[in-house]
Amino acid sequence: MKAEVFDQQFDQGETITEFLDISQARRPGHESRAVTIDFPQWMLDALDREARRLGVTRESIVKVWLAERLERVS
């Protein structure tokens, strides 16, 4: 498909997703990087209890809580 036709279909609100390869799509600024953080044991125990209660991982709890806090201060 030529770019002109693609642009025209997009501009007309037609579905173009069938023409896209999103398998390699990335969100700039949202790439993950591993970090190491040392927590006291009592904090890990509390995080694990809350993670089990919610049915998610410890990492998920930490990410969500940090994101919520950062949104409040921004």
Side-chain angles (χ1 to χ4, degrees):
M1 166 181 287
K2 293 191 178 229
E4 293 170 356
V5 176
F6 182 88
D7 289 344
Q8 184 181 27
Q9 287 184 347
F10 177 81
D11 291 342
Q12 293 173 352
E14 296 178 29
T15 302
I16 57 167
T17 53
E18 64 186 88
F19 305 110
L20 302 174
D21 176 12
I22 59 172
S23 65
Q24 300 293 317
R26 300 284 181 261
R27 292 178 65 197
H30 291 267
E31 297 85 2
S32 292
R33 289 185 51 192
V35 297
T36 302
I37 303 174
D38 295 324
F39 290 104
Q41 188 61 50
W42 70 266
M43 198 177 290
L44 291 175
D45 294 341
L47 285 167
D48 289 341
R49 278 193 305 275
E50 186 66 6
R52 275 193 306 275
R53 186 181 77 78
L54 296 172
V56 297
T57 64
R58 179 195 301 162
E59 182 180 356
S60 295
I61 292 275
V62 172
K63 284 182 186 180
V64 168
W65 287 354
L66 282 173
E68 288 174 352
R69 179 61 182 232
L70 291 169
E71 286 176 359
R72 280 190 280 177
V73 298
S74 294

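Just so you know, residue 1 is the first one in the sequence shown, and it goes up from there.
- Each side-chain hydrogen bond (donor to acceptor under 3.5 Å, both in side chains) pair with one or both residues in residues 15-25, not counting sequence neighbours, appears once here: Asp21-Ser23.
- Scanning for salt bridge (Lys or Arg N to Asp or Glu O under 4.0 Å) contacts around Arg53 gives Glu50, with sequence neighbours left out.
- Annotation: Glu59, atom CD; neighbour count of heavy atoms from other residues, nucleotides and ligands within 6.0 Å does not exceed 12.
- Rounded to the nearest 0.5 angstrom, Arg52 CZ and Leu47 CG are separated by 11.0 Å.
- Both Met43 and Val35 belong to a single network of hydrophobic side chains, linked directly or stepwise wherever heavy atoms of I, L, V, M, F, W or Y lie under 4.5 Å apart.
- For the side-chain hydrogen bond (donor to acceptor under 3.5 Å, both in side chains) condition, no pair includes a residue of residues 65-74, sequence neighbours left out.
- Counting heavy-atom neighbours within 6.0 Å of Ile22 CD1, excluding the residue itself, gives a total of 12 or less.
- The number of heavy atoms from other shown groups lying within 6.0 Å of CD (Glu4) does not exceed 12.
- Environment of CZ in Phe39: crowded, with over 12 heavy atoms of neighbouring residues, nucleotides or ligands closer than 6.0 Å.
- Hydrophobic clustering (side-chain heavy atoms under 4.5 Å, transitive across Ile, Leu, Val, Met, Phe, Trp, Tyr) keeps Leu70 apart from Val64.
- At a threshold of 4.5 Å between side-chain heavy atoms, the hydrophobic network of Ile, Leu, Val, Met, Phe, Trp and Tyr places Val73 and Leu66 in two separate groups.
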